[in-house]
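Structure, as structure tokens:
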Amino acid sequence: MSVYEIAKKLSFNYGQMTLGECIQVAEKSGLHVGDVVLTEAQDTTGKKRGEVIQCMEDAFAHNLRAAEIGTETGQSFLLGTVGQDLTGPQAVSVAGDTFVDKIVAYTLAAQVGNHTIGLCPCAGTGDSCPYTGFVRAMKEEYNDTGKIARAMAVILKIGGIFRVGKRTTGCNMEGIGAGAAATAAAFVELQDGSPSQMEKAVVLALSPTISVPCTPRVLVPGLCATHIGGGVLIARLASQLALYTSIPSTVPVDVMIAMAAKCHLASAKHVVPVTIEYMEPFFKHDERVDSYVDAALLESEKKRQEELIQKAALEIRDLAGRANPITQPFGEAVVGGSSQGVGSPTNCARIAHFLSKGKIKKVKIELYSELFARRAINVPGILMAAVNGAGTSDAQSYKESLDCVRKKGIEVEILEIKEASVQRVTVEAADVNGMVDSLNRGGARLVLRDALPDIEHARQIAEELGIVLIDE
């Protein structure tokens, strides 16, 4: 069957298929994902493949010129001459791989060019940088025009989806997020990876970019470089993992992109204001512009920024003052794979165990939504602590805890609660029940809100066990 026939049989919206749908069609047709994207464009525009490819070439023309300027003469008020620095005679390797080094260099050069002649935006001008850097480097390193066209096609397919998803400020749907996703797919396409490998690569690349704001670097010198350049390096790691390791990935790529778009909006509402507050003192200013602003307003702004720097100094001193010395930096090992997901709730249960007396009859576990969703990894830890008093490093007890509870006939109840960070464990025993109501702070750290039968006894137990109680 043709690409069109497969898509229609699967009830896909042909001409506007999602990335996940393109991957499914590629799997069923035996084609590369890039071929599916190109065929879809041919069928829905009426253009021949060569004409579609020429349209893509034309779309990149201005941005490639910007990258060229960035490597030759361009200077950016935010990035200086980094494009020349990474491509000139004194250039150093960033990744130890000629192809990847070129992509990163040309990506940053494109941003320098953006501040000279501008860039044609996709989701934004941020992701246009890695797209441009990738295409220029690819054309220098590869001779297979068909493969180059396929890689360009997947880049632009993904970029187009992110363009719609980007509705406010946020690098997760632009430079680092869209850039990582699109170039991860392109790396796989260039190496003739399978459709499923492309899906895995994009999912892995997107994961560390979720909710990353671009505001800290919009007007702060230098920071943009590790956003857009980092997207390329994340993409390379993700593609290599997908192509050459057995690493599992169970998230469909369309779900990952949909989540990124939703987190993008949440980040703009909750994260961006914080980054603006802390980064505002370091924003680039133009005195010619500020000359039009009322002097009193400028003075107020200056005072606010000075106060912020003083506030940050106090906050970081507090953090440093409570940090472990480098001679004892780590807490007890945590089995189960997560300090947050397993460590803190296990230690909550451990205190509850030592508060109780007598034969244990039931363990009641109440977890806030995120911990409840991760119950497959945290409940074994909670049970080994609640029933046996085992610590987070006891891998054998963790492995056997569910079978142990069944053999002992201990009843277990697991509930979801909505209050953020709450982890509450009640150990019902023959003589005295033990209950600990706490907030998760990761590892052997928690906020002790309440405990039965005696909160002071709970504090003593925590101290004896090396569990750190914090105030907030």
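From a predicted model like this one, the values you see are computed outputs, not experimental measurements.
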Judged by modelled atom types alone, do S421 and N440 share a side-chain donor-acceptor pair under 3.5 Å? no
Could you tell me whether the side chains of N433 and E428 share a donor-acceptor contact shorter than 3.5 Å? no
Donor-acceptor pairs under 3.5 Å, side chain of residues 256-267 to any protein atom, not counting sequence neighbours: which ones?
unit_1 : atom_1 : unit_2 : atom_2 : d
H264   : ND1    : N172   : OD1    : 3.2
H264   : NE2    : R167   : N      : 3.1
H264   : NE2    : T168   : N      : 3.1
H264   : NE2    : T168   : O      : 3.2
S267   : OG     : S211   : O      : 2.9

Identify whether the distance between the nearest side-chain nitrogen and carboxylate oxygen of E280 and R304 falls below 4.0 Å. yes
Going through the checks in order, is the side chain to side chain donor-acceptor pair (under 3.5 Å) test met by S338 and R374? CA-CA 10 Å; S338 173; R374 301 165 77 180; 2.8 Å; yes
Quick test of your reading of the model: are R236 and D97 salt-bridged, counting only N-O distances below 4.0 Å? yes
For T39, all residues meeting side chain to side chain donor-acceptor pair (under 3.5 Å), sequence neighbours excluded: R49
Donor-acceptor contact present, side-chain T183 to main-chain A186, <3.5 Å: no
Contacts under 3.5 angstrom, residues 240-247 side chains, donor-acceptor by atom type, not counting sequence neighbours:
unit_1 : atom_1 : unit_2 : atom_2 : d
Y244   : OH     : Q191   : NE2    : 2.8
T245   : OG1    : L241   : O      : 2.6
T245   : OG1    : I247   : N      : 3.2

salt_bridge(R449, E419) N-O dist < 4.0 Å: yes
Salt bridge between K359 and D431, side-chain N to carboxylate O under 4.0 Å? no
Could you verify whether a donor N or O on one side chain and an acceptor N or O on the other, from E306 and Q310, lie under 3.5 Å apart? no
Enumerate, atom names and distances included, each donor-acceptor pair closer than 3.5 Å involving a side-chain atom of residues 402-415, sequence neighbours excluded.
unit_1 : atom_1 : unit_2 : atom_2 : d
K408   : NZ     : N388   : OD1    : 3.4
E413   : OE1    : K362   : NZ     : 2.8

Quick one: do S369 and E416 satisfy side chain to side chain donor-acceptor pair (under 3.5 Å)? Show the steps, please. CA-CA 6 Å; S369 297; E416 179 183 11; 2.8 Å; yes
Tell me, which pairs form a salt bridge (charged side-chain N to carboxylate O under 4.0 Å, His left out) where one or both residues lie in residues 459-472, sequence neighbours left out? E456-R459
Can you confirm whether the side chains of Y368 and E370 place a donor and an acceptor under 3.5 Å from each other? yes
Do any N or O atoms from the side chain of N378 and from the backbone of L371 form a donor-acceptor pair under 3.5 angstrom? yes
Verify the distance criterion only: is there a donor paired with an acceptor across the side chains of D394 and Y398 at less than 3.5 Å? no
Test: salt bridge (charged side-chain N to carboxylate O under 4.0 Å, His left out). Region: residues 180-190. Which pairs qualify, not counting sequence neighbours? R150-E189
Is the closest side-chain donor-acceptor distance between E141 and T98 under 3.5 Å? no
